[in-house]
Amino acid sequence: EPFESALKAAFEALEKNFTKIQNLKVVGEINANDFCFMRDEMLDLKRINIEEVTIVASKSYNEYGGEQDYDANAIPNAAFRDKILIERVILPTTLTKIGDEAFSGTSITNMYLPNTVQYIGSLVFWNCGYLTTVNIPTSIIEIGMLAFANPMIVFNPLSLPNTLKRIEYNAFGSAQIKGSLILPND
(Lines give C-alpha, C1' and ligand atoms only; values in the text may rest on other atoms or scores of the structure.)
Protein backbone atom coordinates (compact mmCIF):
# COMPACT_ATOMS: atom_id res chain seq x y z
CA GLU A 1 0.00 0.00 0.00
CA PRO A 2 1.75 3.22 -1.12
CA PHE A 3 0.07 5.51 1.44
CA GLU A 4 -0.11 3.64 4.72
CA SER A 5 -1.55 4.76 8.01
CA ALA A 6 0.90 4.51 10.91
CA LEU A 7 -2.10 4.57 13.24
CA LYS A 8 -3.59 1.50 11.55
CA ALA A 9 -0.21 -0.25 11.65
CA ALA A 10 0.01 0.41 15.41
CA PHE A 11 -3.42 -1.15 16.01
CA GLU A 12 -2.52 -4.14 13.85
CA ALA A 13 0.80 -4.64 15.66
CA LEU A 14 -1.11 -4.76 18.95
CA GLU A 15 -3.68 -7.09 17.39
CA LYS A 16 -6.47 -4.69 18.41
CA ASN A 17 -9.87 -4.66 16.71
CA PHE A 18 -10.01 -0.98 15.77
CA THR A 19 -13.45 -1.27 14.11
CA LYS A 20 -15.22 -1.30 17.51
CA ILE A 21 -13.34 1.59 19.17
CA GLN A 22 -15.63 4.49 20.12
CA ASN A 23 -13.22 6.79 21.99
CA LEU A 24 -9.76 7.55 20.67
CA LYS A 25 -6.93 9.71 21.99
CA VAL A 26 -3.89 10.03 19.78
CA VAL A 27 -0.52 11.56 20.69
CA GLY A 28 2.56 11.99 18.51
CA GLU A 29 2.51 12.45 14.75
CA ILE A 30 -0.32 11.73 12.32
CA ASN A 31 -0.91 12.55 8.67
CA ALA A 32 -3.65 12.53 6.02
CA ASN A 33 -3.49 8.74 5.73
CA ASP A 34 -4.35 8.41 9.42
CA PHE A 35 -7.40 10.65 8.95
CA CYS A 36 -8.55 8.40 6.09
CA PHE A 37 -8.09 5.38 8.33
CA MET A 38 -10.13 6.93 11.17
CA ARG A 39 -12.91 7.93 8.76
CA ASP A 40 -13.09 4.80 6.62
CA GLU A 41 -12.07 1.92 8.88
CA MET A 42 -12.80 2.86 12.51
CA LEU A 43 -16.49 2.11 12.06
CA ASP A 44 -17.78 2.87 15.60
CA LEU A 45 -15.61 5.95 16.31
CA LYS A 46 -17.56 8.69 18.15
CA ARG A 47 -15.09 10.83 20.08
CA ILE A 48 -11.56 11.79 19.01
CA ASN A 49 -8.95 13.68 20.99
CA ILE A 50 -6.03 14.78 18.79
CA GLU A 51 -5.10 17.77 20.94
CA GLU A 52 -1.58 16.44 21.52
CA VAL A 53 -0.75 15.44 17.94
CA THR A 54 1.41 17.05 15.34
CA ILE A 55 -0.10 16.76 11.89
CA VAL A 56 2.77 16.27 9.47
CA ALA A 57 2.80 17.00 5.74
CA SER A 58 2.12 13.94 3.62
CA LYS A 59 0.98 12.58 0.31
CA SER A 60 -2.23 10.58 0.13
CA TYR A 61 -5.20 9.88 -2.08
CA ASN A 62 -7.81 12.62 -2.33
CA GLU A 63 -11.57 12.02 -2.31
CA TYR A 64 -11.50 11.43 -6.08
CA GLY A 65 -8.80 8.74 -6.02
CA GLY A 66 -5.96 10.95 -7.23
CA GLU A 67 -2.74 11.64 -5.33
CA GLN A 68 -2.49 14.87 -3.37
CA ASP A 69 -0.03 16.66 -1.12
CA TYR A 70 -1.39 17.54 2.32
CA ASP A 71 -0.09 20.37 4.49
CA ALA A 72 1.35 20.11 7.97
CA ASN A 73 -0.83 21.38 10.82
CA ALA A 74 -3.97 20.94 8.70
CA ILE A 75 -7.08 18.81 8.94
CA PRO A 76 -7.31 17.33 5.42
CA ASN A 77 -10.24 17.87 3.05
CA ALA A 78 -13.11 15.47 3.84
CA ALA A 79 -11.24 14.20 6.93
CA PHE A 80 -14.43 13.08 8.68
CA ARG A 81 -16.99 13.79 5.95
CA ASP A 82 -20.22 11.82 6.42
CA LYS A 83 -18.85 9.98 9.48
CA ILE A 84 -22.27 10.31 11.10
CA LEU A 85 -21.25 8.76 14.45
CA ILE A 86 -18.62 11.44 15.19
CA GLU A 87 -19.90 13.55 18.12
CA ARG A 88 -16.76 15.26 19.39
CA VAL A 89 -13.30 16.14 18.11
CA ILE A 90 -10.70 17.92 20.23
CA LEU A 91 -8.31 19.62 17.81
CA PRO A 92 -4.53 20.15 18.06
CA THR A 93 -3.39 23.44 19.52
CA THR A 94 -0.99 23.83 16.57
CA LEU A 95 -3.73 23.57 13.91
CA THR A 96 -3.59 26.30 11.22
CA LYS A 97 -5.96 25.01 8.53
CA ILE A 98 -9.21 23.05 8.29
CA GLY A 99 -9.77 21.59 4.84
CA ASP A 100 -12.97 21.62 2.78
CA GLU A 101 -15.80 19.44 4.12
CA ALA A 102 -13.61 18.29 7.02
CA PHE A 103 -16.54 17.76 9.40
CA SER A 104 -19.53 17.88 7.04
CA GLY A 105 -22.19 15.28 7.74
CA THR A 106 -20.98 14.46 11.27
CA SER A 107 -22.98 14.57 14.52
CA ILE A 108 -20.65 17.04 16.25
CA THR A 109 -22.56 19.18 18.78
CA ASN A 110 -19.95 21.83 19.53
CA MET A 111 -16.51 22.69 18.25
CA TYR A 112 -13.70 24.72 19.75
CA LEU A 113 -11.34 26.02 17.08
CA PRO A 114 -7.93 26.90 18.57
CA ASN A 115 -6.61 30.43 18.14
CA THR A 116 -3.96 29.15 15.74
CA VAL A 117 -6.46 28.40 12.94
CA GLN A 118 -5.97 30.79 10.01
CA TYR A 119 -7.99 29.11 7.28
CA ILE A 120 -11.39 27.41 7.41
CA GLY A 121 -12.28 25.72 4.13
CA SER A 122 -15.56 25.46 2.26
CA LEU A 123 -18.47 23.40 3.59
CA VAL A 124 -16.56 22.52 6.77
CA PHE A 125 -19.70 22.22 8.92
CA TRP A 126 -22.20 21.55 6.12
CA ASN A 127 -25.00 19.16 7.08
CA CYS A 128 -23.95 18.93 10.75
CA GLY A 129 -27.48 18.69 12.11
CA TYR A 130 -26.48 18.73 15.79
CA LEU A 131 -23.82 21.44 15.78
CA THR A 132 -25.03 24.43 17.78
CA THR A 133 -21.83 26.07 19.06
CA VAL A 134 -18.60 26.93 17.28
CA ASN A 135 -16.17 29.81 17.79
CA ILE A 136 -14.36 32.00 15.28
CA PRO A 137 -10.65 32.04 16.23
CA THR A 138 -8.97 35.41 16.65
CA SER A 139 -6.23 34.19 14.28
CA ILE A 140 -8.56 33.58 11.30
CA ILE A 141 -7.53 35.03 7.92
CA GLU A 142 -9.95 33.30 5.52
CA ILE A 143 -13.34 31.58 5.78
CA GLY A 144 -14.42 29.42 2.85
CA MET A 145 -17.72 29.19 0.97
CA LEU A 146 -20.63 27.88 3.05
CA ALA A 147 -18.21 27.02 5.90
CA PHE A 148 -20.76 27.77 8.63
CA ALA A 149 -23.94 27.49 6.51
CA ASN A 150 -25.92 25.48 9.02
CA PRO A 151 -29.26 26.56 10.56
CA MET A 152 -28.42 24.88 13.87
CA ILE A 153 -25.33 27.04 14.54
CA VAL A 154 -26.00 30.01 16.78
CA PHE A 155 -23.47 32.83 17.12
CA ASN A 156 -24.24 35.08 20.10
CA PRO A 157 -22.69 37.48 19.20
CA LEU A 158 -20.74 36.97 15.95
CA SER A 159 -17.43 38.77 16.26
CA LEU A 160 -15.11 38.68 13.27
CA PRO A 161 -11.50 39.56 14.19
CA ASN A 162 -9.30 42.14 12.49
CA THR A 163 -7.08 39.34 11.14
CA LEU A 164 -9.90 38.26 8.80
CA LYS A 165 -9.11 39.23 5.20
CA ARG A 166 -11.51 37.11 3.13
CA ILE A 167 -14.99 35.67 3.55
CA GLU A 168 -16.18 33.57 0.63
CA TYR A 169 -19.73 33.27 -0.71
CA ASN A 170 -22.44 32.58 1.85
CA ALA A 171 -19.90 31.55 4.50
CA PHE A 172 -22.47 31.93 7.28
CA GLY A 173 -25.45 30.92 5.09
CA SER A 174 -28.34 29.94 7.32
CA ALA A 175 -26.51 30.20 10.66
CA GLN A 176 -28.28 32.19 13.35
CA ILE A 177 -26.74 35.42 14.58
CA LYS A 178 -28.18 36.69 17.84
CA GLY A 179 -27.08 39.92 19.39
CA SER A 180 -24.28 41.87 17.76
CA LEU A 181 -22.44 41.37 14.49
CA ILE A 182 -18.95 42.79 14.96
CA LEU A 183 -17.01 43.27 11.72
CA PRO A 184 -13.25 43.71 11.24
CA ASN A 185 -11.94 47.28 11.21
CA ASP A 186 -10.28 46.89 7.79
Side-chain angles (χ1 to χ4, degrees), residues 3 5 7 26 29-42 45 48 50-51 53-153 155 158 160-161 163-175:
F3 304 121
S5 165
L7 187 57
V26 182
E29 291 184 352
I30 63 174
N31 64 35
N33 301 299
D34 297 312
F35 283 97
C36 290
F37 165 68
M38 287 186 279
R39 182 193 62 220
D40 298 338
E41 298 188 52
M42 298 189 77
L45 195 57
I48 305 163
I50 53 174
E51 185 175 24
V53 305
T54 299
I55 302 171
V56 296
S58 62
K59 185 180 283 280
S60 186
Y61 294 113
N62 64 26
E63 58 268 38
Y64 307 108
E67 292 183 14
Q68 183 171 337
D69 291 321
Y70 289 91
D71 296 333
N73 300 315
I75 302 288
N77 293 349
F80 297 107
R81 182 181 60 202
D82 296 329
K83 183 93 172 151
I84 192 70
L85 293 179
I86 297 290
E87 301 171 349
R88 181 160 173 79
V89 178
I90 300 173
L91 299 172
T93 56
T94 56
L95 188 66
T96 58
K97 178 181 178 182
I98 301 174
D100 297 347
E101 299 183 75
F103 301 106
S104 66
T106 64
S107 295
I108 290 172
T109 57
N110 61 61
M111 176 65 75
Y112 174 75
L113 303 176
N115 280 324
T116 52
V117 174
Q118 298 176 348
Y119 174 82
I120 298 172
S122 297
L123 300 160
V124 169
F125 297 109
W126 179 261
N127 201 23
C128 292
Y130 300 98
L131 181 65
T132 57
T133 308
V134 64
N135 65 301
I136 305 295
T138 56
S139 54
I140 197 70
I141 294 171
E142 183 175 336
I143 299 173
M145 176 182 68
L146 299 165
F148 297 100
N150 183 333
M152 300 303 293
I153 298 175
F155 292 99
L158 175 55
L160 300 175
T163 56
L164 184 61
K165 301 300 178 206
R166 180 181 170 101
I167 302 174
E168 291 188 15
Y169 171 77
N170 218 5
F172 293 93
S174 54

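For the single chain, residues carry numbers from 1 onward in sequence order.
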Between [X] and [Y], which heavy-atom pair has the shortest distance, and what is it?
X    : Y    : answer
I143 : A171 : CG2-CB, 3.8 Å
I140 : Q118 : CD1-O, 3.3 Å
D34  : L7   : OD1-N, 2.9 Å
A32  : S58  : N-OG, 3.3 Å
V56  : N31  : O-CB, 3.7 Å
P137 : P161 : O-CG, 3.5 Å

Worksheet item: Okay, side chain of T132, backbone of M152: is any donor-acceptor separation there less than 3.5 Å?
Response: no
Item to complete: Examine distances only and state if a side-chain atom of S122 and a backbone atom of L146 form a donor-acceptor pair shorter than 3.5 Å.
Response: no
Discussion item. What verdict does the side chain to side chain contact (heavy atoms under 4.5 Å, CB included) test give for V134 and F103, after you've listed the backbone C-alpha separation in whole Å, the side-chain angles of each residue and the deciding distance to 0.1 Å?
Written reply: CA-CA 12 Å; V134 64; F103 301 106; over 6 Å; no
Worksheet item: Testing L95, I120, I136 for side chain to side chain contact (heavy atoms under 4.5 Å, CB included) with L113, which one passes?
Response: I120
Worksheet item: For atom OH of Y130, is the number of surrounding heavy atoms from other residues, nucleotides or ligands below 6.0 Å larger than 12?
Response: no
Please list all pairs meeting salt bridge (charged side-chain N to carboxylate O under 4.0 Å, His left out) that have one or both residues in [range], counting only residues at least two apart or in different chains.
range            : answer
residues 123-147 : E142-R166
residues 108-134 : none
residues 103-114 : none

Worksheet entry | Modelled atom types, side-chain donor and acceptor of T138 and N115, under 3.5 Å | yes
Discussion item. Measuring from atom CE of M111 to atom OG1 of T133, what distance do you get when rounded to the nearest 0.5 angstrom?
Written reply: 11.5 Å
Discussion item. Let me confirm one number: the CG-CE distance from N170 to M145, rounded to the nearest 0.5 Å.
Written reply: 9.0 Å
Worksheet entry | Trace of the side chain to side chain donor-acceptor pair (under 3.5 Å) decision for S60 with N33 | CA-CA 6 Å; S60 186; N33 301 299; 2.6 Å; yes
Item to complete: Please name all residues satisfying side-chain contact (heavy atoms from CB on, under 4.5 Å) with C128, sequence neighbours left out, ordered by chain then number.
Response: T106, F125, L131, N150
Taking only distance into account, with no hydrogens and no angle test, what donor-acceptor pairs under 3.5 Å do side-chain atoms of residues 66-75 form with protein atoms, sequence neighbours excluded?
from, atom 1, to, atom 2, distance (Å)
D69, OD1, K59, NZ, 3.2
Y70, OH, Y61, O, 3.4
D71, OD2, K97, NZ, 3.3

Discussion item. Do T93 and E51 have side chains that approach each other closer than 4.5 Å (heavy atoms only, starting at C-beta)?
Written reply: yes
Discussion item. Is any side-chain heavy atom of Y112 closer than 4.5 Å to one of L91?
Written reply: no
Practice prompt. Describe, in one word, how the ring planes of F155 and F148 are oriented to each other, choosing from parallel (under 30°), tilted (30 to 60°) and perpendicular (over 60°).
Written response: perpendicular
Worksheet item: Would I153 and F172 count as a side chain to side chain contact (heavy atoms under 4.5 Å, CB included) if you check the C-alpha gap in whole Å, the side-chain angles of each, and the deciding distance to 0.1 Å?
Response: CA-CA 9 Å; I153 298 175; F172 293 93; over 6 Å; no
Result block: side-chain N/O donor-acceptor pairs under 3.5 angstrom for residues 76-86, not counting sequence neighbours:
from, atom 1, to, atom 2, distance (Å)
N77, OD1, D100, N, 2.9
K83, NZ, R39, O, 3.3
K83, NZ, M42, O, 2.4

